[in-house]
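Down below is the structure, laid out as structure tokens.
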Amino acid sequence: ATGARNSNLKCHRTSGIDTLKAYPLHELLTLEIPKREMIIAPWLPDRGLAMIYGKTGYGKSWLGLTVGVAVAYGQDFLGFTVPSARKVLVIDGEMQHATLTERLSAILLGFGIEDASGDALVALADSVQDGRSLPDLSTEGGQAQIEEFVAEADLIILDNLSTLTRSGRENEAESWQTMQAWLVALRRAGKSVILVHHAGKSGQQRGTSKREDVLDTVIDLRRPQNYVASQGVRFELYFQKGRQLYGADAEPFEASCEVQNDRALWTRAPISNIRQDEARGLRDEGQSIRQIAAEMGISKSTAARLLSGQQP
């Protein structure tokens, strides 16, 4: 009986219409599987699933559109590398047409791209659908309606989940099942997907945590403590999940985007340096460590480390 069981373990195929395969460990380790290339190094692999989330006004749509343009035209940005251009589909269920085109134009010019002819990036926007809405992508019927556009894309950006997935209850894991199955099917078909989503009152992504189960990367955008509205797009970027992120690649940083002469210009800076500058500026104004800690919303020990040049 034991020999029979061991013999069965060596079978690679099971009977049935949908054939499944199982491999002994030594064979699994020697399978020749193509290495996953990177769409955006270091955080979005080929056939990768990712989420960018943050509260309203933090800059997640700006970042999502910039990612789309960068990938479509093979442009590096914010210290990320885009090894090669890919076809991009942006599905936008939120912005008015004027806002969408103004932002895309500024992002293109920011990269120095003046000719946007061709189909490197295709936008499926709710604002230009002649009175009808984009379909509900949390249903199989809605997913089928956009299949022809999805088929041509390597990267699909959904902005945002609240407007594009309207069935079920946001906090119920069961309501996410149809959408999750679709995302997995897209990955199996060689597609990568970025979900743009809102943060809840707690600061975490809004709704069921089940959304994160199949994702390779989850990016959390937070507002800097010394942010003022006149600064526009400025946020701290944290990798809440990153299956392929290690060491310095996983470190958070601050990013800002300023539109100058119709060009969207992104800058990146280490968070620790910015906080050190803020703490030292408050010290130069005559504030004590206690006052600095209260002003910055940090502990006194963290304030002391910042002032001494240590990492908080």
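Scope of the values below: all heavy atoms of this structure, side chains included, with no hydrogens, waters or symmetry mates.
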message: side chain to side chain contact (heavy atoms under 4.5 Å, CB included), that's the test. Do I219 and Y238 meet it? Break it down for me.
response: CA-CA 6 Å; I219 292 175; Y238 292 81; over 6 Å; no
- prompt: What do the steps show when you test D216 against Q244 for side chain to side chain contact (heavy atoms under 4.5 Å, CB included), and what is the final call?
  reply: CA-CA 8 Å; D216 296 282; Q244 62 290 324; 4.1 Å; yes
message: Go through it in stages, so that I can follow the logic: the residues are H198 and N160, the test is side chain to side chain contact (heavy atoms under 4.5 Å, CB included), and I'd like the CA-CA distance, side-chain angles, deciding distance and then a yes or no.
response: CA-CA 8 Å; H198 289 288; N160 57 59; 3.6 Å; yes
- request: Please report the C-alpha distance between V88 and V90 in whole Å, then the side-chain angles of each, then the deciding distance to 0.1 Å, and finally whether the side chain to side chain contact (heavy atoms under 4.5 Å, CB included) criterion is met.
  value: CA-CA 6 Å; V88 176; V90 174; 4.1 Å; yes
task: Apply the test salt bridge (charged side-chain N to carboxylate O under 4.0 Å, His left out) to residues D220 and R222: give CA-CA distance (whole Å), side-chain angles for both, the deciding distance (0.1 Å), then the verdict.
output: CA-CA 6 Å; D220 173 14; R222 305 178 191 175; 2.8 Å; yes
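Atom CZ of R243 has more than 12 neighbouring heavy atoms from other residues, nucleotides or ligands inside a 6.0 Å radius. Summarising the local packing, CG of D76 is surrounded by more than 12 heavy atoms from other residues, nucleotides or ligands at distances under 6.0 Å. In the displayed structure, N261 atom CG is contacted under 6.0 Å by at most 12 heavy atoms of other residues, nucleotides or ligands. The 12-atom threshold is not exceeded at CD of Q96, counting heavy atoms of other residues, nucleotides or ligands nearer than 6.0 Å. Counting non-hydrogen atoms of other residues, nucleotides and ligands closer than 6.0 Å to CD of Q129 gives a total above 12. Annotation: E140, atom CD; neighbour count of heavy atoms from other residues, nucleotides and ligands within 6.0 Å does not exceed 12.
When all heavy atoms of L306 and A279 are compared, the closest pair comes out as CB-CB, 4.1 Å. Across all non-hydrogen atoms, the minimal contact from S61 to D159 is OG-OD2, 2.8 Å. Of all the heavy atoms in E94 and T163, the pair that sits closest is N-OG1, 4.2 Å. Considering every non-hydrogen atom in both V128 and H97, the closest pair reads CG1-ND1, 3.4 Å. For the residue pair W62 and A106, the shortest heavy atom distance occurs at CH2-CB, 4.5 Å. Residue R187 comes nearest to V214 through the heavy atom pair NH1-O, 3.4 Å, listed as atom of the first residue, atom of the second, then distance.
Under the 4.5 Å side-chain contact rule for hydrophobic residues, Y227 and V259 do not share a cluster. There is a path of hydrophobic side-chain contacts, each under 4.5 Å, that joins V69 to W43. Under the 4.5 Å side-chain contact rule for hydrophobic residues, I52 and L195 do not share a cluster. By the rule that hydrophobic residues join a cluster once side-chain heavy atoms approach within less than 4.5 Å of another member, L65 and F80 end up as members of one cluster. I91 and I157 are not part of a single hydrophobic cluster, where members link through side-chain heavy atoms under 4.5 Å apart.
Side-chain N or O atoms of S202 include one that pairs as donor or acceptor with a backbone N or O of Q204 at under 3.5 Å. Using a distance-only test at 3.5 Å, with no hydrogens or angles considered, no donor-acceptor pair links the side chain of S105 to the main chain of E102. Under a 3.5 Å cut-off, the side chain of Q291 and the backbone N or O of S288 do form a donor-acceptor pair. In this structure, R223 contributes its side chain and V228 its backbone to no donor-acceptor pair below 3.5 Å. Side-chain atoms of T217 do not come within 3.5 Å of backbone N or O of G242 as any donor-acceptor pair. Formation of a donor-acceptor pair under 3.5 Å by the Q287 side chain with backbone atoms of R290 is not found in this model.
From W176, atom CH2 reaches atom OG1 of T208 across 9.0 Å, with rounding to the nearest 0.5 Å. L265 contributes atom CG, which lies 11.0 Å from atom CD1 of I107 (distance to the nearest 0.5 angstrom).
Checking R206 against S162 by side-chain atom types alone, a donor-acceptor pair falls below 3.5 Å. With hydrogens and angles left out, the side-chain atoms of T267 and S256 include a donor and acceptor closer than 3.5 Å.
Side-chain contact check for P252 versus E236: every heavy-atom pair is 4.5 Å or farther apart. The shortest distance between side-chain heavy atoms of W266 and C257 falls below 4.5 Å. By the 4.5 Å heavy-atom criterion applied to side chains, H197 and K60 are not counted as neighbours. Looking at L89 and L124, their side chains come closer than 4.5 Å, going by heavy atoms from C-beta outward. Proximity of L31 to L28: side-chain heavy atoms (C-beta onward) are separated by under 4.5 Å at one or more points.
Using a 4.0 Å cut-off between charged nitrogen and carboxylate oxygen, E254 and R234 count as a salt-bridge pair. Under a 4.0 Å N-O distance rule, the pair K191/D154 does not qualify as a salt bridge. Ion pairing between a basic and an acidic side chain is recognised when a charged N comes within 4.0 Å of a carboxylate O; R86 and D46 show such pairing.
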